[in-house]
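So the structure is just underneath, and the comments pick up after that.
Numbers restart at 1 for each chain; the letters A, B, ... are given by sequence-line order, proteins then strands. Atoms considered below: every heavy atom in the structure, side chains included; atoms not considered: hydrogens, waters and symmetry mates.
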Amino acid sequence: MTDRFEPLIIGFTCNWCSYRAADLAGTSRLKYPPNIRLIRLMCSGRLDPTFVLKALSSGADGVLITGCHPGECHYIEQNYKALRRYLLLRRTLAQMGIEPERVKLVWASAAEGARLAEEIIKMVEEIRALGPLNWPAADGGRGTGDGKYPASVIHPPSEEEVTA
Amino acid sequence: MTERNEQERIGVYVCHCGTNIAGTVDVEDVAQWAAGRLKHRGVVVARDYKFMCSSLGQEMIEKDIQELGLTRVVVAACSPHLHEQTFRTACQRAGLNPYLCELVSIREQCSWVHTDRLAATAKAKAIVSGGVERVLYHEPLEPLRVPIHPATLVVGGGIAGIQAALEIADSGFPVYLVEREPSIGGHMAQFDKTFPTLDCAACILTPKMVSVGSHPNITLLTWSEVTKVDGYVGNFTVTVRKKARYVNTELCTGCGVCQEKCPKKIVDEVFEAGLGYRKAIYTPFPQAVPKWPVIDRENCTYFQKGTCKACEKFCPTGAIDFNQEDEFITLEVGNIILATGYDLFDPRRIPQFGYGRLANVFTSLEFERMSNSAGPTGGRIVLRDGVTEPKSVGIIHCVGSRDRNYNNYCSNICCMQSLKFAHLVKERTGATVYNFYIDIRAGFKDYDEFYQRVLEEGILLIRGRVAEVTDAVRLAGEEGKLIIQVEDTLIGQQRRIPVDMVILSCGLEPRRDAKEVAKLFGISCSANGWFIERHPKLDPVATMTEGIFIAGACQGPKDIPASVAQGAAAAARVLGRIQQREIAMEPIRASINADKCSGCRICNNLCPFNAITFHEDRMVSEINPALCQGCGTCVAACPAGAIRGTAFSNEQVLAQIEGLLLLNVDGGRAETVVPEAVAT
């Protein structure tokens, strides 16, 4: 094991295109680094920006959002809504002191296993270059990147906790 | 971690998939780890097994549900698109609601794409952890039952669409067959002989066309195109544009007098592939179904210049109607079969083959028309001058196929087609025939026998990709000839072969508008542009969109037997649905909690299916579950958190994020010692 920084990336995929692209990358035995962990949504339009913030605050160094190419959305046009949110989210991230490059939007159709794999490879290197995310959160900015603190220590309290 | 329900008892099942997963991921370690590290999350049992999807694997899960009282199941195996249903059904058999099962992929997204065993094992653990956290928030659900409308729409009247329509109609259910050309028949109607039996295409196709035309259960809509598709499986509403024929089909008897009398002759680029003529009022060929002609507005003298009306004058039944307009009709159907076929590769894109520049270079479709006894030359094989028989013919295989510059795929039919051409040329002209091939692919029933037969007829086969077809003479004997420059890879030499005629065996390509059609019906295209099937081996005629099926060459290059088989297969799938009368659909839907809804209406405009209505009286929005498709965009947008997305709720996704990142919080890789306090 080298001392090289191994970033952790959460990837959100669309059930109809990019999740299938990930499956295709698998069946084609393409290789990409194990730094990414995927979550399946029905559509990139389902991506609540909270999910991205939650991932970053729980220890992810980057978030990859993937969806169908513009004009090819299974739900007609919801990927455009994902695009809108993504652009706003990047602005918000910058205001929070987080490099907006940590969050990336990539279109990948069900046929583009190779493209998805390439994008993952590229993103792992980009995030590696950025280094661990030090989330300037309630704990005074110690962050989770160093691996010392379980997510429960620093992630914001849930809605139930607040109301209780 | 979010508080969990103390009563949940989770079983974790890690699949080896032979060596597919176990080869890269230490599956025993993953199972042991889950049993220990995730015990405090409710995992009461974690097992690994060679093939979880086998009956023994499923029985193991069922036994645990019953004996250990499991309330949640996580299976770590292949993609949910492959076996989610398998494991859900297993849970159901054991009395557990199927939606309390979560299948996480450690094969397609882990073992198959990674090589480092330690890292892949650590990732598999994270994926399992994500699944465990997510499954805690699963709810018992019931599938939505949707009635299936018994009518079916078939798009495309080639042989695949014809077969599908007849199968369904013969079973007693209504079919709408939409074809954009004036007649059904497709490419097959253009051919003369069909390989490997050499029976005449018209002899086997036209009886089927007639059956379609006269079938009481088939509504034939030719010269028509689908413009809009609404709804979902079982309940599609389809808008079809019936282009104006300018012929009243109620009155027309199909006598053909109008075509005789029409003074305007036009080169027929579609049916005759540019080799023959048709009139401005025409049926593409004499056996066309339906028999009614159409007026080609662009070329009609009356429409262009305002005078003529010869057809109207001579029509014995007064069927010509110059005032006809396009008509839009709405169809209610339960299922849709797309059989939209293919386009021929345009050989002008390979300029060195000279098509369009050298007169005696023909495309395969031109040759099909030429060899057809009902075609423009009456079946005589002649040069472009229309009279001279060729003494030598070169047939070039793989034009636009298996070529990185154009299409990298094999077009499947060209070898057999080229051998058929060779046979026909030999039989009818006695010319010397050279076939230039890369490989001969004659892999189906009786195909290789046909290849052997053609070899015995004295056809000369030269293995090598043709570099150029030229009329530039270099050697004696080449004068007035087309010279084929080729490397004969069997003897390792460059050769120049002078011939009179060259036939380019063009590959098949997706329809030019395949992408738009795919979008219209909500399905997708592969990188090459063919429609994508649900599964390349196990579900070849279904698509990812429920209720939409594909058949024939629109799914990939295919010959006639394969297209017919797919047409029948798609029909069988549709008939199965119709006979069920209803279909169970994934209960992935959004719903609004009226107590939390502030009536801001942000969600209203986000829904592309118009599933959200706003109640002015109560100032809240409501989702119609019959229209909701479950994309979840409104769930993500609701500022009040009032919209809940079943099966993909905020709680489920947020928990999965936490679970996936658990290992990172622990310190990273698999060999890290799990802290005592947490492990016990």
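A salt bridge links B:D230 with B:K228: at least one charged nitrogen is closer than 4.0 Å to a carboxylate oxygen. Using a 4.0 Å cut-off between charged side-chain N and carboxylate O, B:E546 and B:R534 make a salt bridge. By the 4.0 Å N-to-carboxylate-O rule, A:E126 lies too far from A:K122 to be salt-bridged with it. Between B:R644 and B:E651 a salt bridge is recorded (basic side-chain N to carboxylate O distance below 4.0 Å).
Atom-to-atom distance recorded for B:I612:CD1 and B:I602:CD1 is 11.5 Å, nearest 0.5 angstrom.
In this structure, chain B has heavy atoms under 4.5 Å from both the backbone and the side chain of A:K31. Contact of B:N528 with chain A is not made at all, since no heavy-atom distance falls under 4.5 Å. Only the side chain of B:I588 comes within less than 4.5 Å of a heavy atom of chain A; its backbone N, CA, C and O stay farther away. Of the two parts of A:N15, the backbone and the side chain both hold a non-hydrogen atom closer than 4.5 Å to a non-hydrogen atom of chain B. Neither the backbone nor the side chain of A:L24 comes within contact range of chain B, judged by heavy atoms closer than 4.5 Å. Proximity to chain B (any heavy atom under 4.5 Å) is restricted, for A:L30, to the backbone atoms N, CA, C and O. Looking at A:L47, only its backbone comes within 4.5 Å of chain B, counting heavy atoms on both sides. If you measure heavy-atom distances from B:A637 to chain A, the contacts under 4.5 Å come from both the backbone and the side chain. For B:L606, the parts lying under 4.5 angstrom from a heavy atom of chain A are both the backbone and the side chain. Interface remark: B:C78 contributes no atoms to any contact with chain A (heavy atom separation under 4.5 Å).
Relative to the six-membered ring of B:F648, B:R134 meets both conditions, a distance below 6.0 Å and an angle of at most 45° to the axis. Figure legend: cation-pi geometry between A:R40 and A:Y19, with NZ or CZ positioned under 6.0 Å from the six-membered ring centre and within 45° of its axis.
Highest contact tally toward chain A, considering only B:K519, B:M544, B:Q629, is held by B:M544 [criterion: heavy-atom pairs under 4.5 Å]. Looking only at heavy-atom pairs under 4.5 Å with chain B, the residue among A:R20, A:R85, A:E77 that has the most is A:R20. With chain A as partner, the option from B:G630, B:C110, B:A647 having the largest number of non-hydrogen pairs under 4.5 angstrom is B:G630. Chosen from A:I39, A:T50, A:I76, A:N35, the residue pairing most often with chain B at heavy-atom distances under 4.5 Å is A:I39. No other option in A:C68, A:P34, A:S28 has as many heavy-atom pairs under 4.5 Å with chain B as A:P34. For the set A:C73, A:A55, A:G45, the entry with the most heavy-atom pairs within less than 4.5 Å of chain B is A:G45. When each of B:C631, B:P608, B:G632 is checked for heavy-atom pairs under 4.5 Å with chain A, B:C631 comes out on top.
Checked by atom type and distance alone, the side chain of B:T24 never pairs as donor or acceptor with a backbone atom of B:N20 at under 3.5 Å. Here the side chain of A:T27 pairs a donor or acceptor atom with the backbone of A:D23 at under 3.5 angstrom. Looking at B:S649, its side chain never comes within 3.5 Å of a backbone N or O of B:T646 through a donor-acceptor pair.
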Run the side-chain contact (heavy atoms from CB on, under 4.5 Å) check on B:I523 and B:I532 step by step: do they pass? CA-CA 7 Å; B:I523 62 170; B:I532 301 184; over 6 Å; no

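Nearest approach of A:I9 to A:L64, heavy atoms of both residues: CG2-N, 4.0 Å.
Scanning residues 102-118 of chain A against chain B with a 4.5 Å non-hydrogen threshold yields A:A110, A:A111, sorted by number.
For the residue pair A:R46/B:N650, the side-chain donor-acceptor check at 3.5 Å is satisfied.
Other residues, nucleotides and ligands contribute at most 12 non-hydrogen atoms within 6.0 Å of the CZ atom of A:R91.
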